[in-house]
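Accompanying notes for the structure given below.
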Amino acid sequence: MPNKIKWLAEYSVNNVAIDDQHKYLFDLCNILYILVEQPVATQSTKEALLGLTEYIAIHFHEEERHYKEHPLFADHQELHQDFVKQINGYIADYNKGTLKLIELADFTRDWLTDHITVIDRQYFRDMIWSSQV
Ligand SMILES: [Fe+2]
């Protein structure tokens with residue numbers, strides 16, 4: 001399945017607990033790719049989407065604890081909030097039948113990988129650096 005996310009070393013933020021949470025988010029996203037074959041919303045897809053959104057909320061809350069002291073904390077929190085709004089919009093469209101599950105899965109995959117690589121890694125680097133000065 002070519003669309004699935006595979007964990008790569010370059011995604012590590014050098015925090016084992018957060019890396020494990022990111023890996024679990026990848027697993028939840030990869031479940032969507034298993035479900036894309038189903039033509040309409042089913043109980044399994046609804047449960048998978050609920051599980052994904054619930055875990056995203058838990059993860060963002062936990063991740064944000066790590067850089068509360070970062071001068072650009074609010075910017076990062078806003079990115080998380082925007083993503084939550086976007087994914088809820090995608091889920092609403094999917095439930096209405098106007099969006100395919102593959103589009104939702106691809107959006108989730110692309111957002112997660114971009115965000116972790118660019119934003120999360122930078123913030124965790126900054127916090128490690130600031131704790132050493
Ligand atoms: Fe983040």
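Each ligand, and each atom within it, is numbered from 1 in the order the structure gives. Excluded from the calculations below are hydrogen atoms, water molecules and symmetry mates; all remaining heavy atoms, backbone and side chain alike, are included.
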Practice task
Indicate whether the side chain of Asp82 and that of Gln86 have a donor and an acceptor atom separated by less than 3.5 Å.
Solution key: no
Problem - Partner set under side-chain hydrogen bond (donor to acceptor under 3.5 Å, both in side chains) for Glu103, not counting sequence neighbours - result: none
Exercise for the section: Give a yes-or-no answer on whether the side chains of His80 and His61 include a donor-acceptor pair shorter than 3.5 Å. Expected result: no
Problem - Candidates Asn14, Asp120, Val13 - the one meeting side-chain contact (heavy atoms from CB on, under 4.5 Å) with Asp19 - result: Val13
Handout entry: Distance-only polar pair, side chains of His76 and Tyr67, donor-acceptor under 3.5 Å
Key = yes
Practice task
Find the distance between CG (Asn88) and CG (Asp93) and round it off to the nearest 0.5 Å.
Solution key: 11.0 Å
Handout entry: Closer than 2.8 Å to the Fe ion (ligand 1) - protein N, O or S atoms, ordered by chain and residue number
Key = Glu63 OE2, His76 NE2, His80 NE2, His115 NE2, Asp120 OD1
